[in-house]
Amino acid sequence: MSSVATLSNADIQGVHDSAHHEHHHHETFVSKYIFSQDHKMIAKQFLITGMIWAMIGGLFSVLFRLQLGYPDTTFPWLENVLGHWAKGGKIHPEFYYALVTMHGTVLVFFVLTAGLSGTFANFLIPLQIGARDMASPMLNMLSYWFFFTASIIMISSLFVQTGPASGGWTIYPPLSALGDASMGSKIGMDLWLVSMAMFIVSSLLGGLNYITTILNMRTKGMSMTRMPLTIWALFFTAVLGVLSFPVLLSGAILLLFDRNLGTSFFLSDIVVAGKILPNEGGSAILFQHLFWFLGHPEVYIILLPAMGMSSEILSVNSRKPIFGYMAMVGSLFAITILAFLVWAHHMFVTGLNPFLGSVFVLLTLLIAVPSAIKVFNWLTTLWRGNIRFTPGMLFALGFVSLFISGGLTGIFLGNSSLDIHLHDTYFVVAHFHIVMGVASFFGMFAGIYHWYPKMFGRYLNNTLAYIHFWVTIIGAYLIFWPMHYEGLAGMPRRYYDFSNWESFKMFGGLNEFISLVAMIVFAVQLLFVFNYFYSMFKGRKVTTQNPWESNTLEWTTPINPGHGNWVGEIPEVHRWPYDYNKDNREFIPQTEPVGEDESKH
């Protein structure tokens, strides 16, 4: 697709002299920063777009937490901001559901899928396996622009008169299939479905590119068992996406047919306002199967990159080899397989056959085994390590903490009999926000802090980074841990106002506390955004090629690598990436040949 993918090392050498000037002469602003085919620039595009979406999605949560924390209070400024959706300074119930729907959609898909995988798969795969670029730089560029188009379509739904989709981020029919069901089921829902279709195309283009690059473009000596765990994690993430996203695409397209072409894939025996609709033969439960067949692998599409990056960062900053490398790869593989076999644990209350339910319970609890292996290996890597508490390391440790505490509550929900009580309560909200949402954000922050010097040739401000870490982790636990107790009391999620319920009004003070902490945590994320953009231009400059004294290949490139990454020949790899504190040396890069008197890894 692109000439860069087919150039030999000698050709590249001619193009990239030591300062990369020659290459820059042939690039315009548009070709370098907008329609770029350099994987590093595309990674930055994914990251900055993801950060914008994170701010929007986070703001949605602050708005609906205002309603939950202060249900009897009016905020006149809300009407100035939201217009008729907040008449009299109080969020309209219909718009409340739209906020919840858009918050979930944006954070799960546009931030933690595109923003996390799109950024770090693009940035790290060529650099860590020793490739000039992706297998197809053109498809790589198209992947970003499909994501950007999906973003524009999704954000435009906020400005249509009837408002954005408001059927929950899972958009279950019949609510999402009937345009007359609610305001949020009208044009906003069509825009949601079209946007998701575009987003899935983006994910598939990216995933196929990542898999091809990892399998075909590794440098000399870079066998699969010498790849950093980051690359293994991104590889399995891409496999998950390529196999599961088409299933949601089919669900979205069939739902569009039901909405606009009179079909009945998901509709049957529906009565609206006393009138029987002609739709027959469809099944709303079928849509749930299609949605969750993506929806559960999606949890690991979000988690695996965070696991891989945290593994790398823990090893680098513990100054110790990763414990149980092959067990870590094996557990990633086991999680990838099991992720496809557990989707119906989201459907225990749909009338699922109890025997079938017990099979899904067994498979759900089985996935705890590879997860436990990873936790054990992370903790053993840290054990007696010479730990450096860099901002990236702190966020990696935070990821491990959140993965453990959030994962334990999954054992409750994986039990079908317990799930009948806990399903669709705040217990579920607490569980998946901690284990998937916040934990993956911590993996993402760890990656940004660790690889920022390679992205921009500058460091982020450490003082702001430490404030960001401590407020975020304490705040995350203060927000979501109390929700477990609300859920155990049976408090349902997605309700607009609990103050009229005798059973739940006792949680009024707790809801107010949670809302207050949520606003503080959101404010600290703005501090991170400031740090990110300020440091890009004013941050302390990187003066050494390998600031973290790491073994992997990306630190063998120039401080500000040009398009093509390495100036001369691509380095040859002679060892695995975790030779720390070995043979009386603190670290031994992958490119260093194994000596005759050296112990084998």
Side-chain angles (χ1 to χ4, degrees), residues 167-177 236 239-240 243-251 254-255 258 264-270 279-303 330-373 406-432 435-436 484 487-494:
W169 78 279
T170 55
I171 57 153
Y172 287 167
L175 185 62
S176 59
F236 286 126
V239 170
L240 278 170
L243 295 177
S244 62
F245 265 119
V247 180
L248 180 62
L249 182 61
S250 67
L254 295 180
L255 192 51
D258 275 11
S264 298
F265 291 106
F266 307 125
L267 293 170
S268 187
D269 309 315
I270 306 285
N279 305 83
E280 284 182 17
S283 167
I285 301 297
L286 170 62
F287 181 85
Q288 290 198 29
H289 281 291
L290 293 175
F291 183 90
W292 288 115
F293 191 81
L294 161 87
H296 201 82
E298 173 66 16
V299 170
Y300 293 100
I301 288 170
I302 287 170
L303 267 173
S331 60
L332 286 169
F333 178 67
I335 287 170
T336 303
I337 299 299
L338 288 167
F340 286 107
L341 305 175
V342 295
W343 78 90
H345 70 209
H346 298 269
M347 300 171 59
F348 287 144
V349 295
T350 59
L352 194 71
N353 180 303
F355 173 73
L356 195 56
S358 68
V359 173
F360 279 99
V361 170
L362 174 65
L363 292 166
T364 300
L365 296 181
L366 264 182
I367 212 164
V369 176
S371 300
I373 290 169
L408 288 171
T409 55
I411 296 169
F412 292 67
L413 294 169
N415 184 313
S416 56
S417 52
L418 269 176
D419 185 68
I420 289 168
H421 174 69
L422 296 173
H423 191 85
D424 261 346
T425 69
Y426 267 77
F427 194 93
V428 176
V429 177
H431 161 71
F432 80 77
V435 77
M436 183 183 91
H484 289 100
L488 287 168
M491 187 164 141
R493 61 197 278 210
R494 295 191 181 130

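Counting heavy atoms from C-beta on, the side chains of Trp343 and Val247 never come closer than 4.5 Å. Within the 4.5 Å cutoff, no side-chain heavy atoms of Thr425 are placed close to those of Met491. In this structure, the side chains of Phe348 and Val361 come closer than 4.5 Å at one or more pairs of heavy atoms. Side chains of His345 and Leu363 form no contact here, defined as non-hydrogen atoms less than 4.5 Å apart. Contact check for Leu413 versus Leu418: no side-chain heavy atoms found under the 4.5 Å cut-off. Residues Ile411 and Thr364 fail the side-chain proximity criterion, which asks for heavy atoms closer than 4.5 Å. Residues Pro174 and Leu267 are in side-chain contact: their nearest non-hydrogen atoms beyond the backbone lie under 4.5 Å apart.
Of all non-hydrogen atoms in Glu298 and Phe245, the two that sit nearest each other are OE1-CZ, 3.4 Å. Taking both residues in full, the closest heavy atoms of Leu290 and Gly251 are given as CD1-CA, 3.9 Å, listed atom of the first, atom of the second, then distance. Heavy atoms only, all atoms of each residue included: Glu280 and Ser264 are closest at O-CB, 3.5 Å. The shortest heavy-atom contact between Gly167 and Leu175 is CA-CD2, 3.8 Å. In this structure, Pro173 and Phe266 approach most closely via the heavy-atom pair CG-CB, 3.7 Å. Across all non-hydrogen atoms, the minimal contact from Pro370 to Leu338 is CG-CD1, 4.3 Å.
Atoms OG and CG, from Ser358 and Asn415 in turn, are 11.0 Å apart once rounded to the nearest 0.5 Å. Distance OG/Ser416 to NE2/His423: 12.5 Å, rounded to 0.5 Å. Tyr172 OH to Ile285 CD1: the interatomic distance, rounded to the nearest 0.5 Å, is 8.5 Å. With rounding to the nearest 0.5 Å, the separation of CG in Leu254 from CG in Leu286 is 8.0 Å. Note that the CG atom of Leu362 and the CD1 atom of Ile367 stand 12.0 Å from one another [nearest 0.5 Å]. Between the CZ atom of Phe287 and the CH2 atom of Trp292 there is a distance of 10.0 Å, given to the nearest 0.5 Å.
Taking the six-membered ring where tryptophan is involved, the planes of His296 and His346 are tilted, since the angle between them lies from 30° to 60°. The aromatic rings of Phe293 and Phe340 sit tilted, their planes meeting at an angle between 30° and 60°. The aromatic rings of Phe236 and Phe333 lie tilted to each other, with the angle between the two planes from 30° to 60°. Ring geometry for Phe427 versus Phe412: interplanar angle of 30 to 60°, hence tilted.
A donor-acceptor pair is defined here as one N or O able to donate and one able to accept, closer than 3.5 Å; such a pair exists between the side chain of Ser176 and the backbone of Ile171. Side-chain N or O atoms of Asp258 include one that pairs as donor or acceptor with a backbone N or O of Phe265 at under 3.5 Å. Not one N or O on the side chain of His431 forms a donor-acceptor pair closer than 3.5 Å with the backbone of Gly407. A side-chain donor-acceptor contact under 3.5 Å links Ser268 to the backbone of Gly281.
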